[in-house]
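Everything numeric here is computed off the predicted structure, so don't read it as measured data.
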Amino acid sequence: MNKESYVIGVDYGSDSVRSVLVNAASGQEISSSVYYYPRWKAGDFCEPAENQFRQHPLDYMEGLEHTITDCLAKAGDPAIAQAVKGISVDTTGSTPVAVDKAGTPLALLPGFENNPNAMFVLWKDHTGVHEAAEINQHATKFDTNYLQFVGGIYSSEWFWSKLLHVLRVDEQVRQKAYSWVEHCDWIPFLLTGGTDVSQMKRSVCAAGHKALWAAEFGGLPPEEFFATLDPLLKGFRERLFEDTYSSDVAAGTLSPEWAERLGLTTEVVVGVGAFDAHMGAVGGQIEPYYVSKVMGTSTCDMVVAPLQDMEGTLVNGICGQVTGSVIPGMLGLEAGQSAFGDTYAWFKRLVMWPLQNLLTDSNVVDAETARALVDEISDKVLPTLSDQAAALPLTENSEFALDWFNGRRTPDANQMLKGAIAGLGLGSDAPRVFRALVEATCFGAKKIVDRFIEQGVPVKGLIGLGGVARKSPFIMQMMADVINMPIRIHRSEQTCAIGAAMFAATVAGIYASVEDAMDAMGQGFDAEYTPDAARAAIYAKRFRKFTELGNAIEQQTINSKPEEVSDTQEEAVR
């Protein structure tokens, strides 16, 4: 009989779900498995031109079962399944869904299977941009500033703007929806066999950063706040939640149904969920005042600080500051960029367009060869662009860009903003434009660091996490040069899932605190990039150009929008 204890961390990303099976004593990754959402991969239920991105709960459920059972099979020892003590889950966010009274997402009910408004509204869905603007304007009417703990500006990426938009556009969902639930809260509820949404344990991470919950308010803003925003919201507050929980708290134990489906026991403890970047910061061994950057399709930038240090400090224009959202008992501050890897993926799609749309009609090569060529070249595009961009001389006046290809998350959320590329000439080729885009994402990261420092949060350095951090020395060196700070790269490629595993070990009672789990299970760092003083000086000059272009684009955007939205955005910027 295997005497070790094991835990499972589950990380739901934008494109896939990944599970890791971990030895709780050493942090050793025994096995891992990834499952790409088939409906999402096919583009089902999404309208990118309309900023609509929806995910079906079946993608989540099928991926959960596949990855965990696959991890156990890869482990090669049947006794390990009996020694699994805990499961914890992180997800993207805010990614909420309409549910019935039992807590079942409407897309799992007859008649709603193919209705995008009955599905999870992915974090990067911006269909609620006008609703977010209304919330910002509405909040100015109250003596209490209900936006003070979310950076002062509410975003279309978040809980209430998405709920209001769905209620407005879909009467069928409006009539059936009993409550509104975050993805990170629903998965633990599912695993523990929940049948009453009022009993769901809601994450303080999700509630505090995205849903306006604050202990200082005694919970959510009052019913009057929502009912006067739009009568469609009347009654929703009382069907949501009062209490919230940090991720060192158990949501329950594995239900008989899911124990059987996964090949585990009903003694497995399931932890309260959280967002991916918050658990990723734990998996990446975050330290006070270091910006932990989880870099994927977007970025989430996390900082933790002792509560006594931050008393009376409110950082404007970020995604909130919430006690216990990262490490229980410490203040967690969140910022980020709406498009990071997504910016590079957009450029890749742009340069691949001729191959994907013309090569398959070629009279020179057959269809099978054409597809093989597209696949081969697709794999080489970004690495080759990175190599050639890295070889370019750094000059003050070369091409430059803005990173707002999916709006701006922080500082100062404004999802109406668009990306831009400037300084183009007839010599501007693909590597030069790609270099400008990478630089723009690094400049966007610098804006976040500068905002923290300006508002009283000392930043000691950077911690890089995620696929981009580990796979692209070109981008990481540029980021160190642009921000003029060293950046350490965590050894693990799966810090979000590992962070979830650390919380699983904590809720299972293997460790007394998540800090103890971090110390025992952390894998450390295997690379560090230090800034080059000469390049940092040139980037400082180019950063001023980036700021000037951003100011011009932002003013143009404000002037081109309807008056009621423009006034709201202008007030938010002030």
Side-chain angles (χ1 to χ4, degrees), residues 13-19 31-56 58-59 62-63 66-67 70 73-74 114 122 124 295-298 339-392 399 401 405-406 419 421 424-441 466-476 493-494:
S14 298
D15 302 320
S16 62
V17 56
R18 181 183 301 273
S19 292
S31 58
S32 66
S33 179
V34 63
Y35 178 89
Y36 290 90
Y37 313 132
R39 298 163 187 81
W40 170 261
K41 188 174 182 180
D44 295 346
F45 317 117
C46 297
E47 297 289 345
E50 303 299 325
N51 288 312
Q52 176 182 301
F53 297 96
R54 308 295 167 85
Q55 293 184 328
H56 202 289
L58 288 177
D59 275 351
E62 293 163 3
H66 172 86
T67 56
D70 190 39
K74 288 177 178 177
N114 296 306
L122 191 65
K124 69 179 183 178
M295 290 174 271
T297 54
S298 66
F340 194 80
D342 267 353
T343 300
Y344 316 145
W346 165 79
F347 190 65
K348 176 181 173 179
R349 290 194 301 272
L350 191 71
V351 299
M352 285 292 294
W353 188 93
L355 292 175
Q356 292 172 332
N357 289 272
L358 301 178
L359 192 59
T360 52
D361 292 330
S362 172
N363 294 321
V364 178
V365 297
D366 59 71
E368 183 177 351
T369 302
R371 285 192 295 270
L373 283 170
V374 170
D375 290 343
E376 179 185 29
I377 294 172
S378 179
D379 291 340
K380 294 179 178 179
V381 167
L382 291 183
T384 303
L385 282 171
S386 294
D387 290 343
Q388 295 197 15
L392 293 170
E399 297 86 352
F405 283 80
N406 196 25
I421 304 172
L424 296 174
L426 294 178
S428 300
D429 56 15
R432 284 175 170 80
V433 174
F434 179 70
R435 190 192 180 288
L437 294 172
V438 171
E439 183 188 61
T441 59
V468 176
R470 291 198 55 78
K471 295 175 183 177
S472 181
F474 166 59
I475 297 173
M476 291 303 97
E493 294 186 7
Q494 303 168 25

Salt bridge (Lys or Arg N to Asp or Glu O under 4.0 Å) assessment of K74 paired with D70: CA-CA 6 Å; K74 288 177 178 177; D70 190 39; 3.2 Å; yes
Side chain to side chain contact (heavy atoms under 4.5 Å, CB included) assessment of S32 paired with Q494: CA-CA 9 Å; S32 66; Q494 303 168 25; 3.6 Å; yes
Side chain to side chain contact (heavy atoms under 4.5 Å, CB included) between S16 and K41, worked out: CA-CA 9 Å; S16 62; K41 188 174 182 180; over 6 Å; no
Audit row: L385, F347, side chain to side chain contact (heavy atoms under 4.5 Å, CB included) steps and yes/no: CA-CA 10 Å; L385 282 171; F347 190 65; 3.9 Å; yes
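Not one N or O on the side chain of Y37 forms a donor-acceptor pair closer than 3.5 Å with the backbone of D15. In this structure a side-chain-to-backbone donor-acceptor pair under 3.5 Å is missing from E399 to R435. A donor-acceptor pair under 3.5 Å links the side-chain atoms of Q52 to the main chain of F45, judged by distance alone. Between the side chain of D342 and the backbone N or O of N406 there is no donor-acceptor pair closer than 3.5 Å. Remark: side-chain polar atoms of S472 are not paired, donor with acceptor, to backbone N or O of V468 under 3.5 angstrom.
Residue R54 holds its CZ atom at 14.0 Å from CG of D44, rounded to the nearest 0.5 Å. The structure places CD of E62 at 9.0 Å from NE2 of H56, a figure rounded to the nearest 0.5 Å. Note that CD of Q356 is 9.0 Å distant from CG of D375, once rounded to the nearest 0.5 Å. Annotation: the span from F53 atom CZ to E47 atom CD amounts to 9.5 Å, rounded to 0.5 Å.
Considering only heavy atoms from C-beta on, L382 comes within 4.5 Å of F434 through its side chain. Residues D59 and P38 meet the side-chain proximity criterion, which asks for heavy atoms closer than 4.5 Å. R18 is not listed as a side-chain neighbour of E493, based on a closest heavy-atom distance of 4.5 Å or more. The shortest distance between side-chain heavy atoms of L355 and L373 does not fall below 4.5 Å. Proximity of V374 to M352: side-chain heavy atoms (C-beta onward) are separated by under 4.5 Å at one or more points. Contact check for S378 versus K348: side-chain heavy atoms found under the 4.5 Å cut-off.
When all heavy atoms of V438 and T441 are compared, the closest pair comes out as O-OG1, 2.6 Å.
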